[in-house]
Amino acid sequence: MHKPAVTDVPVHELIRNRWSPRAFADNPVSAETLRALFEAARWAPSSNNEQPWAYLVAKQDDAENFAKMLSVLVEFNAGWAKQAPVLALSVAHVKTQREGKPNRVALHDVGSASAQLTFEANARGLLVHQMAGFDAGKARQAFAIPADWEPVAAMAIGYPGDAASLSEKLRERELAPRVRKPAREFVMTGTWGHTAPFVAT
Ligand SMILES: Cc1cc2nc3c(=O)[nH]c(=O)nc-3n(C[C@H](O)[C@H](O)[C@H](O)COP(=O)(O)O)c2cc1C
């Protein structure tokens, strides 16, 4: 299934075609493909080149680990994410490596790495659905995440599936149009709230 963004301005097809599905196909994701996704994450930019990211990964064929990952998701997410062949959890090192000071942009940099992973996935015919709906405390305990690291987002990774495999409610959401606020609402110049002229029309 495709769900391309209806953009106001033409953008690269990787941006247009990325979306967050809840239906995934049965096809497994090869080790080679997974390596490439995390290689893409690896080459993300980061403040001071701190690279403050880590990923815990659970493949469906590793039943124990997969069940552990599912158990930290909220019920709604676990309900559909169990279909995905791969689940992952991004984690941010919230202290700097050398000085141990708070790294204010760690979550930003982890998001950037996950975005790169997502577009690499898209380029290879996979889709990624990120999730804030998980229990961070439970994740910390289940995966023995150290104190200076913060769980950021869970994600389901796999090949697009058939919306017919979902419940009626989820199918409706799967097929609903993708929407965004217009650029004029968030691109400003000079003072807060002053729309940049190049997006005003
Ligand atoms: C950090 C983050 C957390 C999200 N959390 C959830 C979630 O817990 N459950 C869910 O079903 N979707 C979740 N989403 C998916 C968003 O709802 C989705 O990206 C948004 O509606 C835009 O749709 P699109 O990605 O298909 O363009 C999350 C996305 C991001 C980036």
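Counting begins at 1 with the first residue of the sequence. Counting starts at 1 for both ligands and their atoms, following the listed order.
The residues lining ligand 1, counting any heavy atom closer than 4.0 Å, are R18, W19, S20, R22, F76, N77, W80, H129, Q130, M131, A132, G133, R178, R180.
The aromatic rings of H129 and W80 sit tilted relative to each other, their planes meeting at an angle between 30° and 60°.
For K101, the salt bridge (Lys or Arg N to Asp or Glu O under 4.0 Å) partners two or more places apart in sequence, or in a different chain, are E99. Contacts of Y55 classified as ring pair (Phe, Tyr, Trp, His ring centres under 6.0 Å), with partners at least two apart in sequence or in another chain: F38. Listed by chain and residue number, E120 satisfy the salt bridge (Lys or Arg N to Asp or Glu O under 4.0 Å) test with R124 (two or more places apart in sequence, or in another chain).
Checking side-chain atoms of D162 against main-chain N and O of A164 turns up a donor-acceptor pair under 3.5 Å.
Between E39 and R42, at least one side-chain N (NZ, or NE/NH1/NH2) sits under 4.0 Å from a carboxylate O, which counts as a salt bridge.
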